[in-house]
Amino acid sequence: MNSITPEKIKKKLKTGFIGQQLHYFEVTSTNDIAKELASLNAKEGTIVIAEVQTCGRGRLGRDWLSPKGGIWLSIILRPEVKARDVFKITFLTAVAVAKTIRKLFKLNVEIEWPNDVLIDGKKVCGILTETNIRGEAVDSVIVGIGINANIDINFFPEHLKKTVTTLAAEVKKEVDKEKFLHTLLKELKAYYKMFKENNFAPILEEWKRLNRLFGANVEVISFNEKIMGQAVNVDQNGALVIKLADGTIRRVISGDVTLLQEKR
Ligand code: BT5
């Protein structure tokens, strides 16, 4: 099984921005390490990569299974944005991951609001964006990215097997993690630059093109409320716009989506 080492990546990375510092260990969660480094004034672009996470985290305190073979990383960013605009970083990260998978493997990759990347409807990547606020301002944003690269699908518990996939399972061979990471960081760098230049509109367009939900009937669980309707758009705050059966429009800022019926 090939592994990523800081030396290998540094050699390949000509991007001056992302990847300036690398820390490479087995960790509880790369987001936790990155958060700690950020509080110690680590520079924008610092990346934490781990081969294994012993306490990988999803949203809302959920577990993220992170065995050897995956790509588990967190990037420290210090954008000058309002907290309400941080969702844009999750969106651009999802686009960068999707584009990387398309480019390298030509697979049918889609984005599912708010933070998943799927191949043929199965989750291959999750993104956990966490914001650290100092006073009124955003001090740092930790972008955690988990990619199921070379993991045997049988590793996953029964209840996840139907909804999860891995790159190796899709391409039926082990993938080059180093090349994947290198390509991903290049894409991320380009999209993040656009974002910082206030050029988010084309990224959002791309996100919308890659989105699998629009036109589909969905069920969203948001703050213990179940909302059913047709997913029609996302608004300028990153909220999912849902049209209910009676025509009412609901905007959901946070939640979990289940696809009930494909697009019509
Ligand atoms: C996510 O949460 O999808 C965000 C996952 C972020 C993981 C990265 S890895 C690097 C960094 N360090 C961390 O500690 N985290 C980030 P959410 O949408 O809440 O999805 C979590 C749910 O996905 C779980 O409750 C499981 O049902 C499922 N799951 C767990 N492990 C998985 C895996 N490896 N692949 C696909 N689904 C998984």
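Remember, it's 1-based here, ligands and their atoms both numbered in the order they're listed. This structure is a prediction, so every number in the text was calculated from the model and none was measured.
In terms of N/O distances under 3.5 Å, ligand 1 is not approached by Asp256. Below 3.5 Å of separation, one finds an N or O of Lys123 facing an N or O of ligand 1. Here's the thing with Leu65: one of its N/O atoms is less than 3.5 angstrom from an N/O atom of ligand 1.
Residue Leu160 places a heavy atom less than 4.0 Å from ligand 1. Under a 4.0 Å heavy-atom criterion, Ser66 is not in contact with ligand 1.
With Lys88 as the partner, the side chain to side chain contact (heavy atoms under 4.5 Å, CB included) test is satisfied by one option alone out of Phe200, Trp207, Tyr192: Phe200.
Under the 3.5 Å distance criterion, with hydrogens and angles disregarded, a donor-acceptor pair is assigned to the side chains of Gln53 and Thr30.
Annotation: side chain of Asn233 is in contact with side chain of Lys208 (closest heavy-atom distance under 4.5 Å).
Within the 3.5 Å criterion, the main-chain N or O of Met228 finds no donor-acceptor partner in the side chain of Arg250. A donor-acceptor contact shorter than 3.5 Å links the side chain of Trp72 to the backbone of Pro67.
Checked for salt-bridge contact, Arg57 and Asp63 miss the test: no charged N lies under 4.0 Å from a carboxylate O.
Linking ILVMFWY residues whenever their side-chain heavy atoms come closer than 4.5 Å, directly or via other members, leaves Leu128 and Ile142 in distinct clusters.
From the protein, the heavy atom lying nearest to atom 5 (C) of ligand 1 is Trp64 CE3, 3.4 Å. If you check which protein heavy atom lies closest to atom 25 (O) of ligand 1, you get Arg62 CD, 3.4 Å. Regarding atom 11 (C) of ligand 1, its nearest protein heavy-atom neighbour is Thr30 OG1, 3.2 Å.
Of the candidates Glu130, Lys122, Arg59, His159, Arg59 brings a heavy atom nearest to atom 18 (O) of ligand 1.
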